[in-house]
Protein chains: 2
Amino acid sequence: MTAESVETRAERKERTRRAILDAALDLTEDGTLSTLSLRQVAKQVGIVPTAFYRHFASVDEVGLALVDESFASLRALLREVRQGPVDGAAQIVDRSIDTLVAHVHRHRAHFRFIARERAAGPLAVRMAIRHEIELCERELATDLALLPGTAAWSSDDLRVLSGLIVTSMVSTAEALLGAEGRPEAEQQVVRTARTQLRMLLIGALNWHSRT
Amino acid sequence: MTAESVETRAERKERTRRAILDAALDLTEDGTLSTLSLRQVAKQVGIVPTAFYRHFASVDEVGLALVDESFASLRALLREVRQGPVDGAAQIVDRSIDTLVAHVHRHRAHFRFIARERAAGPLAVRMAIRHEIELCERELATDLALLPGTAAWSSDDLRVLSGLIVTSMVSTAEALLGAEGRPEAEQQVVRTARTQLRMLLIGALNWHSRT
DNA sequence: ACTTTGAGTGAACAGCCGTACACTCAAACC
DNA sequence: GGTTTGAGTGTACGGCTGTTCACTCAAAGT
């Protein structure tokens, strides 16, 4: 029988590649990308150090791949929030934060990775992350332009507000990671985030460009 | 004659200690504390590796000392801003941001260090930084309580607002570091920060606790 | 069936790492 | 003036690092 060769060659390669990414994600939980050694990764994956080069030219490239992955899932999250109904402001706030919390739970390792490397990673990785966050800000700004009340806003002011919101959400995500596994601390973070977003929204509603 | 022994023993030790801290600050410009090796530091200072232990038990302890230093100067900054006159809101915003910009220029290395290690440093260092930032938030909250218009605010809401402001200032500082040496980019960051703080202020002025 | 391809192997290398240990020798102390 | 102290020295060690090179050997291509 030789039951249908269960794994094609490309599949096996892809599986190893995934294993490398997962190992890197796991091993950066303590330490940075720059402290992550190729040999540690290889050992955890179960391959010999030199086999690593069949998949990536350096550890930094693994970092860039992880940035792509992380923001791919984050963009999926944002799309999800965005296509929801535009009901009251309070509902938008609550729904956004609930979605963020769920996503941080689901992709904790990715968020931790981004939070760390955003400030401390290799230059190329830092630049990639900064670029992705800027894309998020831009997308949010175009969405905000569609909201009632922002008709008279300058595009600069829209970008400023979206920057403010993104910054607040990033720091909320970081706080959630810090509250790991302590439900009451996490609830506190969620309450704070809700109030923060509402304050921001009130500021926005009373804002008039060109004052 | 033997002209007054120019350096006492304790002075010399202190000078070496400073040299170690400066070297660490300089060498972390590329890489993190965890990638910083005791041997690199020793070489830059001009001492043999083992002499390092006369001053610090580990690289992490150097990190903690640097956290102390950084926030000592930051607290001086905050005191300076705080004791200024309480004129119009716009003046407070402008003065705060100008002071921040000046301070980031003066202590760029320290700010870079904090920005990096806040997310990526050793656990003890991360905790120390988080604690210091929390102190800043608390002090700001008590100052905000003295401002007109916040009389009816709950203490929770005061903390939330001060958290929002601190977060915004931290991200402004990070943006300033990113705009290193490009004056037009830096001016853009300053303009954005001003608008952000004003939006926050408007949100605060229209806020009513317990809604 | 024969050839090519390429993921994974295994030994070897030069270099850096932290740290242990025994030491010097001048300032500080009594 | 003799003794103690302690910052800085020099050597040596085992362990981990990235990268090289020549290799196997089964799947894929022809």
Legend entry - Base versus backbone protein contacts along nucleotides 2-8 of chain D [heavy-atom cut-off under 4.0 Å; B, S, -]: ---BBBB

With sequence neighbours excluded, tell me which residues meet side-chain contact (heavy atoms from CB on, under 4.5 Å) with [X].
X     : value
B:T50 : B:V48
A:R9  : none
B:A19 : B:V45
A:R39 : A:S37, A:P49

Inset, instruction - Could you list all the salt bridge (charged side-chain N to carboxylate O under 4.0 Å, His left out) pairs where at least one residue sits in residues 18-27 of chain A, not counting sequence neighbours? - result: A:R18-A:D22, A:R18-A:E69

Inset, instruction - May I have all residue pairs that pass salt bridge (charged side-chain N to carboxylate O under 4.0 Å, His left out) and include part of residues 138-147 of chain A, sequence neighbours excluded? - result: A:R82-A:E139, A:R82-A:D143, A:E134-A:R138

Inset, instruction - Output the residues of residues 30-39 of chain A in contact with DNA chain D, where contact means a heavy atom of the residue under 4.0 Å from an atom of the strand; sort by number or write none. - result: A:S37, A:L38, A:R39

Rounded distance (Å) that lies between atom [atom2] of [N] and atom [atom1] of [X]:
X     : N      : atom1 : atom2 : answer
A:E11 : D:dA28 : CD    : P     : 9 Å
B:L27 : C:dC17 : CG    : P     : 11 Å
A:Y53 : D:dT17 : OH    : P     : 12 Å
B:D60 : C:dG18 : CG    : P     : 11 Å
A:E61 : D:dG18 : CD    : C1'   : 15 Å
A:K43 : D:dT17 : NZ    : C1'   : 12 Å
A:E7  : D:dA28 : CD    : P     : 11 Å

Legend entry - Inter-residue atom distance A:T195.OG1 - B:L161.CG, 0.5 Å rounding: 11.0 Å

Inset, instruction - Mind checking the CZ-NE2 spacing from B:F111 to B:H105? Nearest 0.5 Å is all I need. - result: 11.0 Å

Please set out all donor-acceptor pairs under 3.5 angstrom arising from side-chain atoms of residues 168-177 of chain A, sequence neighbours excluded.
from: A:S171; atom 1: OG; to: A:S168; atom 2: O; distance (Å): 3.3
from: A:T172; atom 1: OG1; to: A:S168; atom 2: O; distance (Å): 2.9
from: A:E174; atom 1: OE2; to: A:R118; atom 2: NH2; distance (Å): 3.4

Legend entry - N or O in side chain of A:S58 less than 4.0 angstrom from D:dG18 OP1/OP2: no

